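By convention in this document, chain letters (A, B, ...) are assigned in the order of the sequence lines, proteins followed by strands, and residues within each chain are numbered from 1. Quick caveat, the model's predicted, so the values are computed rather than measured.
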2 protein chains.
Amino acid sequence: MINAYRPHLPVSDATPVITLHEGNTPLIPVPTIAAEIGKKVEVFVKYDGLNPTGSFKDRGMTLAISKAKEEGAKAVICASTGNTSAAAAAYAKRGGLRAFVLIPDGYVALGKLAQALVYGAEVLAINGNFDRALEIVRELGESYPVTVVNSVNPYRLEGQKTAAFEVVDALGNAPDWLCIPVGNAGNITAYWMGFCQYQQLGRCDRLPNMMGFQAAGSAPLIEGAPVKHPDTVATAIRIGNPANWEKALAVETASQGEFNAVSDEEILQAYRLLGQEGIFCEPASAASVAGLLKLRDRVPTGATIVCVLTGNGLKDPDSAIKYSSTQLRQGIEPDLERVAQAMGF
Amino acid sequence: MINAYRPHLPVSDATPVITLHEGNTPLIPVPTIAAEIGKKVEVFVKYDGLNPTGSFKDRGMTLAISKAKEEGAKAVICASTGNTSAAAAAYAKRGGLRAFVLIPDGYVALGKLAQALVYGAEVLAINGNFDRALEIVRELGESYPVTVVNSVNPYRLEGQKTAAFEVVDALGNAPDWLCIPVGNAGNITAYWMGFCQYQQLGRCDRLPNMMGFQAAGSAPLIEGAPVKHPDTVATAIRIGNPANWEKALAVETASQGEFNAVSDEEILQAYRLLGQEGIFCEPASAASVAGLLKLRDRVPTGATIVCVLTGNGLKDPDSAIKYSSTQLRQGIEPDLERVAQAMGF
């Protein structure tokens, strides 16, 4: 990804490129969702779950780790229980660096950490909450020779903006609407950076309206105040106090976009709808499609719309079983006629 | 994938292309594994776990479902508890067909079926074993209007051969060795078809030695007889009586390749080694790398080697936790010095 977009990224010949061939993810048309809206719209999903560690975080992490290595780092650290820890671990180890992940003790299901452990991260659980873990990470970054790769790392957004480049490269222009899940609000900020940069370079002659969607139980940007106990099935965007709050509001204004909340039921309905189009994403990813469907009456006729799917559904098999479209039917007698009958023949 | 390789596939303008943008998966250099071998070899992994449903099966299924739809099918069926059922369900639903999956009752962990259920497959569990399920599937295909997409479907291998095309397109020639896990022996057959076809077209001027690896507890091709109760951690190649037995032996001979067995311990060691290069695959996939390391003394100096990784590690989170390189450390006091100490500073 760095090599593909080298002139537009803060790298030089001295930067060692630590890559797992992230990016270049498919932009897949979803005609059944377009048909639900009508008005001759075209709808695509940007399926970033097909990145090497299964989420869009890889775009930021390839750059963050490459720059850390360029600057002589021997170790990186983040506080994260999800996609960030997986990406940090994979790229750090790939680059020959130690990878530390700090988490709150007793809080995290082991399944969420499986990837970080496979990649060889050193996962440390502290007797404290997530905010305390993040504080310690920042203090470590100031006092010890370890690079922080949480969202405070400026290279993360620089890398993530390449997703917008890919969308424009695939469509030949920016879409009319860019629908995107919003948690920490880093990705919406990064997409906007990418679209603006490409417009300045003449690669697109318009900018999209940035339509951000938060889960209703975790919607500080819509409520205008931090949410103390955010609660939603969309765990990847369950963030009560987004790090990029001000930047996100600036994007909303500059792009003539808007932010809205979608309920867990709307998110899961979109999740199942995507499944039946053959696309398996994390519940949080489906917020973009849920939001589009919620605003269907306001979609301009003939619009081109891209919905961002940030993570692979395989990351969350429990939700898949719990919320899937169909159920297992058991106890069928093993003969041709009985099975045919069960199939409706 | 069909559109990328249209002239080399059995499709016409009348074939509706049912696609999720499968294929075009990365060929990733793995320098640490090359360094373990020495002799100036270059080693790459073909990471087919980044296909839309997380395995190489998507390559065959896009073609099988497209042809089924061309022939007027309204429903498809397979007996499968793993990657095949996920791919069949995704592509069938994508194409607007019903997808049936037949499984033995009480045998399958629900997690293995999560994908098929999300994609909207109708999963039927019979009071019988897997062989009986496969028999009924074949009978249904003969007597009812439903297309069988198990490995008997001839289009599966035709689609899978595109992985060989991609390897040659990326390297500019065929590799010296192609290391590949062998279960049903379909994929090794398909790769060989692809290499041979490309050589005839002048796209490569040599053919690889096809090095196939089975798990020691499930190695009928090495033992020369079916294995009644195959047993290995590499579940995706736990097959006692491969469907493509004769074809695989023909490939071994024609390519001057060979088949070998690797133990579960060797497979897991390779699995961890890949993890620490940032690559997370199914245990079965790691058999290709385990086999290469086992034969390291016989690798020709300066050889270019491709190891096929067939599936995404996210498909099997239980193995990830059980066999990962590192472990979680708990109970650390939440202050800077204690954490720094735990990190070794």
ask   = Top residue by heavy-atom pair count (under 4.5 Å) with chain B, among A:I321, A:L336, A:I136, A:V146?
value = A:L336

remark   = Nearest heavy-atom contact between A:L20 and B:I28 is O-CD1, 3.6 Å

Under 3.5 Å, which donor-acceptor pairs link chain A to chain B? Give each pair on its own line with the distance.
residue, atom, partner, partner atom, Å
A:P29, O, B:R94, NH1, 3.2
A:P29, O, B:R94, NH2, 2.7
A:R94, NH1, B:P29, O, 3.2
A:R94, NH1, B:E277, O, 3.4
A:R94, NH1, B:E277, OE1, 2.6
A:R94, NH2, B:P29, O, 2.7
A:R98, NH2, B:M343, O, 3.3
A:D105, OD1, B:Q330, NE2, 3.1
A:D105, OD2, B:G331, N, 2.9
A:L117, O, B:T326, OG1, 3.2
A:V118, O, B:S325, OG, 3.4
A:A121, O, B:T326, OG1, 2.7
A:V123, O, B:R329, N, 2.9
A:A125, N, B:R329, O, 2.7
A:A125, O, B:G331, N, 3.3
A:A125, O, B:I332, N, 3.1
A:N127, N, B:I332, O, 2.8
A:N127, ND2, B:E333, OE2, 2.8
A:R132, NE, B:P334, O, 3.1
A:R132, NH2, B:P334, O, 3.1
A:E277, O, B:R94, NH1, 3.4
A:E277, OE1, B:R94, NH1, 2.6
A:S325, OG, B:V118, O, 3.4
A:T326, OG1, B:L117, O, 3.2
A:T326, OG1, B:A121, O, 2.7
A:R329, N, B:V123, O, 2.9
A:R329, O, B:A125, N, 2.7
A:Q330, NE2, B:D105, OD1, 3.1
A:G331, N, B:D105, OD2, 2.9
A:G331, N, B:A125, O, 3.3
A:I332, N, B:A125, O, 3.1
A:I332, O, B:N127, N, 2.8
A:E333, OE2, B:N127, ND2, 2.8
A:P334, O, B:R132, NE, 3.1
A:P334, O, B:R132, NH2, 3.0
A:M343, O, B:R98, NH2, 3.3

query = Given a strict heavy-atom distance threshold of 4.5 Å, which part of B:L274 is in contact with chain A: side chain, backbone, both, or neither?
reply = neither

note = Nearest heavy-atom contact between A:A320 and B:A114 is CB-CB, 3.8 Å

query = Contact part of B:A121 toward chain A, heavy-atom cut-off under 4.5 Å: side chain, backbone, both or neither?
reply = backbone

message = What part of B:I18 gets within 4.5 angstrom of chain A, counting heavy atoms only: side chain, backbone, both, or neither?
response = neither

message = Under a 4.5 Å cutoff for heavy-atom pairs, which residue among B:L27, B:I77, B:L102 has the most contacts with chain A?
response = B:L27

message = Out of B:A86, B:A87, B:P334, return the one with the most heavy atom pairs under 4.5 angstrom to chain A.
response = B:P334

inquiry  = Quick check for you: among B:P29, B:A75, B:G313, which has the greatest number of heavy-atom pairs under 4.5 Å with chain A?
reply    = B:P29

task = Name all residues meeting the side-chain contact (heavy atoms from CB on, under 4.5 Å) criterion together with A:A64; count only those two or more places apart in sequence or in a different chain, and write none if there are none.
result = A:M61, A:V149, A:N153, A:Y155, A:R156

ask   = chain B heavy atoms under 4.5 Å from A:F280: which part of the residue, side chain, backbone, both or neither?
value = both

ask   = What are the two closest heavy atoms between B:L328 and A:L117, and how far apart are they?
value = N-CD2, 3.9 Å

Results of side-chain contact (heavy atoms from CB on, under 4.5 Å) for A:A284 - residues two or more places apart only = A:A234, A:A236, A:I237

inquiry  = Counting heavy-atom pairs under 4.5 Å with chain B, which one of A:G128, A:P317, A:A340 comes out on top?
reply    = A:A340

ask   = So which of A:A342, A:G331, A:P31 has the biggest tally of heavy-atom pairs under 4.5 Å with chain B?
value = A:G331

